[in-house]
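Every value quoted in this text rests on a predicted model; they were computed, and no experiment measured them. Letters A, B, ... mirror the listed sequences (proteins, then strands); counts begin at 1.
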Amino acid sequence: MTVLLDLLSWVALLLGSFFLIVGSVGLLRFPDFFTRMHAAGVTDSLGAGLILFGLMFQVDGQWIVLFKLLSILFFIWLTSPASSHALAKAALHHNQQPLLGDEVRNRKQAANE
Amino acid sequence: MSYLLQYNYWIVMVLMMIGFYIVISHGNLVKKLLGLSIFQTSVFILYISMGKVEGGTAPILDEGIVLYSNPLPHVLILTAIVVGIATTALGLALVVRISESYGSIEEDDIQKMDNEQC
Amino acid sequence: MLSQLPILQVILPLMAAPLCLIVREPRLVWLFSLLTSALTLGISILLLQQVLHEGTLSYALGGWQPPWGIEYRIDPLNAFVLLLVSLLSFVVLLAAHTSITREIAPEKQTYFYMAFLLCMAGFLGIVATGDAFNVFVFLEISALATYTLIALGSDRRALWASYQYLIMGTIGATFILIGIGLMYMMTGTLNMHDLAQRLPAVAGTRTLFTAFAFFIVGVCLKLALFPLHLWLPNAYAYAPSIVSAFLAATATKVAIYLLLRFIFTVFGVEFSLNHLPLQTILMALGLAGVFMASIVAIYQQNMKRLFAYSSVAQIGYMILGFSFGSVTGLMATLLHLFNHALMKGALFLALAGIFYRLGSVDLDKMQGLAKRMPYSMAAIVIGGISLIGVPLTVGFVSKWYLVLAALESGWWPLALLVLAGSLLALVYVWRFVETVYFQPLSEANSQVKEAPLGILLPTWLLVVANVYFGIDTQLTVGVAQIAAHSLFGSAS
Amino acid sequence: MTIEFLVDIVLLGLLALTAIAIHKTRDLFASIMLTGIYSLLSALFFIVMDAVDVAFTEAAVGAGISTLLMLSCMPLVKKQEQPSRHHRPLGLVVVTLTGALLIYGTMDMPPFGSVDDPIQQHVAPRYLHQSMDEVGLPNVVTSVLASYRGFDTFGETVVILTAGIGVLALLGFRRSRAQEMQHRVPAMQQHMILRIISKLLIPPILIFAFYVQFHGDFGPGGGFQAGAIFAAAIILYTMLFGLSTARQVFRERYIHLLAAVGVLIYGAVGIASMLAGKNFLDYDALAANPLTGQHVGILLVELGVGITVAAVMIIIFYTFSGRLDKDDHKEPES
């Protein structure tokens, strides 16, 4: 039983870390503001979420710790989408338009040349 | 060779000096305050590093723990953090007033305006 | 009750400040602050007596014995400086109401008095405490209050001066924090007395040298020792007049005290002055300060600025005094500490009176003003004479001991330089006398009245003190001697 | 080579990178955010160094409130930093000299993390070994903060009050009645999602503030952190519903009074112990049993700290955003 829990915990932790790294790479590599925001969102909700989830298997009977982890998860899932939302609104407000289809390619070419 | 073990302190010194350099080299008043806050935070790191005991835990007494880190630097730095934010707040208030009455927050501009006034 | 005096001295103004926020009405707040500072003055007189009779007092805050708790440790030196600070604060506050109604908007006056009380409490706290970190905390209380006080000046340059002081002051405080941290690291204690006993064991280490250097540089920034004085002239020139008087009379004195306390008591004369080249450095900087600042002062138009530069020069004398490393030299420093506070207090208060009537303290607006404001002008002249160091004024007493100390140590060229410095003071005072007494009264000033009594009386109180302590030197010299001996005593 | 060592190096490296980035960026907004990140990173470092209380404070005060204050004054100044017109070689010289002195100073420092260091041998052991009998709290940091060195903390509370007074004296102004009555529609009114989320968050934040306030004796926490968190909730409310609404709910006059009351509570505890014949802030005098006295004393002074910190933070935020709201406050400059 403990082995299974440990295994699950590790899988979740590793997956979470993977998403954190993917999110950070995306934040650096994506072409425009909105796609970057999408990448940043992944780190918060999936990355941090999975890591917290993984940690929950390690509580080992200390229910207060589980409660704390759950509340952290709850607050992250509440605040992180809200802040993404606020960011997107602010960007739109300042006339940031998403890059679409050809524009991305054009910009890449321009950058390469 | 034992000097190498002080790596922790060395990096802290470098951090302090970066903060200090920001304060004296930048002309922007807000940036100077940011530099001050970096400088002070780095000094906090120095203090806290001092209190660390290898293998110790946080100084909250509990059964079965024998080694604790030194609580005194922690207390001092708690105090100092609050001093830091108090200074920052007052500094910002000054910057806002300066910006209103000089129309600039650049040291060079303000110095020039003052020289003209004299 | 008597045993509680050391702490009452500090917490009285500290607790009075938040109470002001509840009182609110500026006039009442003024009376309340005045009462507080009068009580503080009374306590400091009692404390001095107590110390002179019974020797060093130690007060354990929270009932925790030092070095585990914070200790207030009052010896003759503290008691002397405490008296100085509370006396000058009281006199300056006497004049505050009249001057402030003219210079600060009514809704800000309450804040002014609060900041004033906090600043005073900060100074008293720095002087009274026997704990190195507690010094830092009270240093910050006084510093934040000082920035506020300076920024209340009516000119926009006051804001800029205050900001510059904030940056310099915070750098200084952070240096002090680094110094204290390193000292703590080497000894494990923060109590000054305990530090003094434990430092000799690590005296040769490079870390302690660094700690010493940071602490001294930090204090010198606060002290405005030449060449770290750049923040001071603007701060004094554009602050409200009453604040200039208060700061000129107390702020730098407290910083000098701190320097003395750490050099003599904590690090010890042996370490500070004999092992390190500090003596030579301080002597050189002190002298450079005297001459450079005096020369710059001669060219100033704004009288507050002029006397601010003169303050930098006088700080030079104080530094010079104790850098001889002898009891006489230290006495000269302590005497000058007190005497300079009296002089600068009188001068800046007189200027506050002039500002009240003219709305400016520019020299070229004061032509022939002696005919209209004879008492204010006479006050400045006597203060100036004292600054030069003419016999029968306090200035003479401190210069006398300074020259004596120089001769005693065999540095007779220095004695001549001190006299030459006085000549420079003569030049800038003469410029003022010439403008005010020997030039015809200008049109614009023909209707000016004498400064209001509310300012004139405190001014003359200090002027009389200037002459009185110049003639009857028993009290000041006596206490300074005891304090100097106690510093050397604690070192050996 | 422990794992701690690795975490140490990575954190310190990140701190250095952040500091350099702050130096390089010309955009003030970005610099402020980077400073917030710097604070947060140092909070992490403090946790590695076992300083949980400090980490908590740094995160709440340094990274939270301080960044917030800087951002709230951003609209009042220019956002872009001008490139400096002349280099300052003198600055570089000064910094190099200072840095060299510091590095020189590390040569004789006691080894990092060793139990034999002077600071682990003198003074501190008493706190660790006897505070349980003398003060009776598990959290040694709280014992030292509020009891052994309680006077420092009193000074600290006064520093905060001083800053509040300073900001008020510089930026405070009297508002006319008409403005008070006029109900403005705050900008946030349009943001439905933000409003709902924040409404959900404010009550837990307040409860958490109280938890931190009263649990400080047993775990990390205490007056400073609780005050900052409490203020954060009120500030969030202010941002949502606009300054004028917030001012009607939490009247400025009362908040000013609270700032004073906090300091007065702290001082009154000290004076009470003086009246009972002991020294200032000697909590033993507050009850028949010294330990009970210590408990009561610490509870009260932490409360005082919390009240003052929260009140001053709110005052400062009100004052900054009050500047932002209206244009008719220009000071007469001569």
Side-chain angles (χ1 to χ4, degrees), chain B residues 6 9 12-13 16 19-20 23-24 26 29 32-33 35-51 70 72-73 75-77 79-80 82-84 86-105 107 109-111 113-115 117-118, chain C residues 67-68 115 131-134 136-141 143-148 150-171 173-186 188-190 206-207 210 214 234 237-238 300-302 305 362:
Chain B
Q6 309 288 52
Y9 293 131
V12 176
M13 304 298 169
M16 286 203 265
F20 188 32
V23 183
I24 48 183
H26 281 261
L29 304 193
K32 272 178 186 284
L33 287 179
L36 267 188
S37 127
I38 301 286
F39 188 24
Q40 287 180 323
T41 311
S42 314
V43 178
F44 303 162
I45 298 179
L46 171 72
Y47 268 74
I48 298 296
S49 306
M50 270 182 223
N70 190 339
L72 189 52
V75 173
L76 304 182
I77 290 316
T79 309
V82 179
V83 168
T87 315
T88 309
L90 196 60
L92 282 174
L94 276 170
V95 170
V96 169
R97 282 288 303 278
I98 288 175
S99 160
E100 279 172 7
S101 48
Y102 284 87
S104 167
I105 51 164
E107 193 177 18
D109 293 351
I110 295 168
Q111 210 75 288
M113 274 183 246
D114 270 359
N115 290 344
Q117 198 175 347
C118 278
Chain C
W68 295 280
D131 187 276
F133 193 79
N134 202 236
F136 170 75
V137 173
F138 278 83
L139 199 69
E140 284 295 334
I141 295 180
L144 286 178
T146 311
Y147 310 145
T148 309
I150 292 172
L152 282 172
S154 50
D155 196 293
R156 72 174 177 183
R157 279 170 290 185
L159 297 170
W160 179 229
S162 172
Y163 179 85
Q164 279 177 310
Y165 185 24
L166 183 133
I167 295 291
M168 293 307 260
T170 312
I171 292 179
T174 311
F175 272 37
I176 292 177
L177 193 62
I178 295 175
I180 294 174
L182 294 179
M183 274 183 244
Y184 172 63
M185 195 180 206
M186 297 311 286
T189 182
L190 288 165
R206 287 167 276 199
T207 311
T210 310
F214 268 89
N234 280 335
Y238 302 120
Q300 297 304 316
Q301 274 304 316
N302 182 323
R305 232 180 134 78
D362 278 349

Could you grab the distance from atom CE of C:Met168 to atom CD1 of B:Ile24, nearest 0.5 Å is fine?
9.0 Å
Taking the side chain as every heavy atom from C-beta outward, state whether B:Glu107 and C:Trp160 have any atom pair closer than 4.5 Å.
yes
Pairs of heavy atoms under 4.5 Å with chain C: top-ranked of B:Val95, B:Asn70, B:Ile98, B:Leu29
B:Leu29
Drop me the distance from B:Leu94's CG to C:Tyr165's OH, to the nearest 0.5 angstrom.
13.0 Å
May I ask you to name which of C:Phe136, C:Tyr147, C:Phe175 has the most heavy-atom pairs under 4.5 Å with chain B?
C:Phe175
Hey, does C:Arg156 have a side-chain heavy atom less than 4.5 Å from the side chain of B:Met113?
yes
The interface call for C:Leu190 against chain B, heavy-atom contacts under 4.5 Å, is side chain
Rounded distance (nearest 0.5 Å) linking atom CG of C:Leu166 with atom CG of B:Leu90:
6.0 Å
Mind checking whether C:Thr170 and B:Gln40 have side chains closer than 4.5 Å, heavy atoms only?
yes
Would you mind checking which part of B:Thr79 comes under 4.5 Å of any heavy atom in chain C, side chain (CB onward), backbone (N, CA, C, O), both or neither?
side chain
Which residues satisfy the side chain to side chain contact (heavy atoms under 4.5 Å, CB included) test with B:Val23, sequence neighbours excluded?
B:Leu36, C:Ile167, C:Ile171
Relative to chain C, which segment of B:Tyr102 carries a heavy atom at a distance below 4.5 Å: side chain, backbone, both, or neither?
both
Answer with side chain, backbone, both or neither: which region of C:Gln301 has an atom nearer than 4.5 Å to a non-hydrogen atom of chain B?
neither
Assess the residue pair C:Leu177 and B:Tyr47 against the criterion (side-chain contact (heavy atoms from CB on, under 4.5 Å)); give the C-alpha distance rounded to whole Å, side-chain angles, the decisive distance to 0.1 Å, and a yes or no.
CA-CA 10 Å; C:Leu177 193 62; B:Tyr47 268 74; 3.6 Å; yes
Gap between atom CE of B:Met50 and atom CG of C:Leu182 - 0.5 Å precision
6.0 Å
Side chain to side chain contact (heavy atoms under 4.5 Å, CB included) against C:Ala158, all qualifying residues, sequence neighbours excluded
C:Tyr238
OH (B:Tyr9) and CE (C:Met185) are apart, to the nearest 0.5 Å, by 3.0 Å
Separation of C:Tyr163 OH from B:Leu33 CG (nearest 0.5 Å)
4.0 Å
